[in-house]
Amino acid sequence: MKGSGLLALLLCLLAGCQKPDAPRIWRFAIEETRGSVQDRYAQKLKEIIETRSQGRIEVKVYPYGTLGTSDQITELLHNGSLQLAMASPGHMGKLIPEVQVLLLHFVLSDNEAVNRAVLSSPRVRAKFDSLYADKGFHLLSMFSEGWQVWTTDRPVHRPEDFRGMKFRVMTSPLLLAAYDAYGASATPLPYGDVYSALQLNMIDGQVNPVFAIWEMSFYEVSTHMIFANQAPFVTSTLCNAEFYDSLSATERGWLDDAIEELHPYIYDTQVQLNSERLAMIAEARPQMVVETLDSTEREAFRRASLPVRDLYLQTAGPAGGELLQILLDEVKQQGGWPPTIPMAGQPVTRRSD
Ligand code: 6CS
């Protein structure tokens, strides 16, 4: 990509300008704006690394918009212009089709605690580790940023309600199929283009966690928020594999320990941010209809989503099939199937009732 080539050059020049006694810089790009879940993660990592290294390492955080789209950030990480980056499977499907397993609906549980255990299970992690390693990345962490919530300009209770809806998704190809299966006309767009597309009625809806619906102001240009608990928004923290291999044992220890410590921190943070911002949306836009699908409605969506698994298997091949089976087994083992209850902080009753 031309844009990311220029950015890479700029970052190289900046690196070359460092004084000999200056701290070493670890550049960390995130896919979200300041104050987001990813920003909280990056700022905490910065704090831990800079403290442990006593200032010998500086972590520079680049929020969304400063270095381009998610796809461009991934490219910069790949070519070593960045050392660390957030890379959501929602944007990684073209590069690593197998990771799109995390985009399939109703594969993970509707119970946040179960998904947390599943995503950190050694079997699951080993598979993802090798998928990312094959592409020159070292996987540091994977975590949920909260439920993917539909914001639309109409009520949605059944898959048919999506019929004809122009619906924005991230750039991974499987997401198109996921919403086309419900009858929507899915369209991929970069994150930064979604607000204006909603405002100009180029799209009728989109999907994102509550914290993002608040900070990107999507609630201003939507009339309905629908919790179907079809999938959490999972992201991954990656570093450039060569960079990781080049770290001294001490530095690697700082990084690995920081990632370990961040795990409980980020789960608590995302639950808190999503719940606080749901209240903020309700206050800022009292006419917003907030709905949670009941189990019968969810089951209709689950059934409609099943053919997308076949498409996933076709595109992700045997490694993808194995990964899907491992996830389904882990969810069962952790007690996440059959479905249970809405997660804490979600509206349980319909506001429109
Ligand atoms: O919808 C998106 O494109 C973005 N949403 C979130 C919550 N994080 C990053 C991603 O690029």
Output all residues satisfying ring-ring contact (aromatic ring centres under 6.0 Å, His included) with Phe233, sequence neighbours left out; order by chain, then residue number.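 For Phe233, no residue satisfies ring-ring contact (aromatic ring centres under 6.0 Å, His included) once neighbours in sequence are set aside.
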Residues two or more places apart in sequence or in another chain: which of them pass salt bridge (Lys or Arg N to Asp or Glu O under 4.0 Å) with [X]?
X: Arg252; answer: none
X: Arg277; answer: Glu215
X: Glu160; answer: Arg158
X: Arg303; answer: Glu299

What's the spacing between Leu176 CG and Thr171 OG1 if we round to 0.5 Å?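 So the gap between those two atoms works out to 9.5 Å.
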Out of curiosity, Phe218 CZ to Asn208 CG, how far, rounded to the nearest 0.5 Å?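 The distance works out to 5.5 Å.
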Kindly state each residue pair satisfying salt bridge (charged side-chain N to carboxylate O under 4.0 Å, His left out) with at least one member in [range], sequence neighbours excluded.
range: residues 134-143; answer: none
range: residues 325-335; answer: Arg123-Glu330
range: residues 37-46; answer: Lys44-Glu47, Lys46-Glu50
range: residues 256-265; answer: Arg52-Glu261

Between Arg154 and Asp204, is there a side-chain N and carboxylate O pair less than 4.0 Å apart?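 Judged by the 4.0 Å cut-off on N to carboxylate O distance, Arg154 and Asp204 do form a salt bridge.
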Give a yes or no answer on whether the side chain of Gln334 reaches the backbone of Val331 with a donor-acceptor pair at less than 3.5 Å.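 A pair under 3.5 Å: no.
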Within the distance-only criterion (no hydrogens, no angle test), does the side chain of Ser81 pair as donor or acceptor with the backbone N or O of Leu77 below 3.5 angstrom?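 Flag not set: sc Ser81 to bb Leu77 has no pair under 3.5 Å.
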Quick one: which residue pairs count as a ring pair (Phe, Tyr, Trp, His ring centres under 6.0 Å) with a foot in residues 303-333, not counting sequence neighbours?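 The answer is none; no pair qualifies.
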All N/O donor-acceptor pairs, side-chain side in residues 92-108, below 3.5 Å, sequence neighbours left out:
| from | atom 1 | to | atom 2 | distance (Å) |
| --- | --- | --- | --- | --- |
| Gln100 | OE1 | Leu174 | N | 2.9 |
| Gln100 | NE2 | Pro97 | O | 3.2 |
| His105 | ND1 | Tyr182 | OH | 2.7 |

Which atom names give the shortest non-hydrogen contact between Tyr62 and Leu82, and what distance separates them?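 Heavy-atom minimum between the residues: CD1-CD2, 4.5 Å.
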Pair Tyr244 and Phe137, ring centroids less than 6.0 Å apart: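 Here the rings of Phe137 and Tyr244 have centres that are no less than 6.0 Å from each other.
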Give a yes or no on whether the ring-centroid distance for Trp150 and Phe227 is below 6.0 angstrom.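 No: the rings miss the under 6.0 Å criterion.
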Residues Glu31 and Ser88: side-chain donor-acceptor under 3.5 angstrom: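 Per modelled atom types, Glu31 and Ser88 side chains form a pair under 3.5 Å.
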Please report, to 0.1 Å, the donor-acceptor pairs under 3.5 Å made by any side chain of residues 190-202, with sequence neighbours excluded.
| from | atom 1 | to | atom 2 | distance (Å) |
| --- | --- | --- | --- | --- |
| Tyr195 | OH | Glu220 | OE1 | 2.6 |
| Ser196 | OG | Asp193 | O | 3.4 |

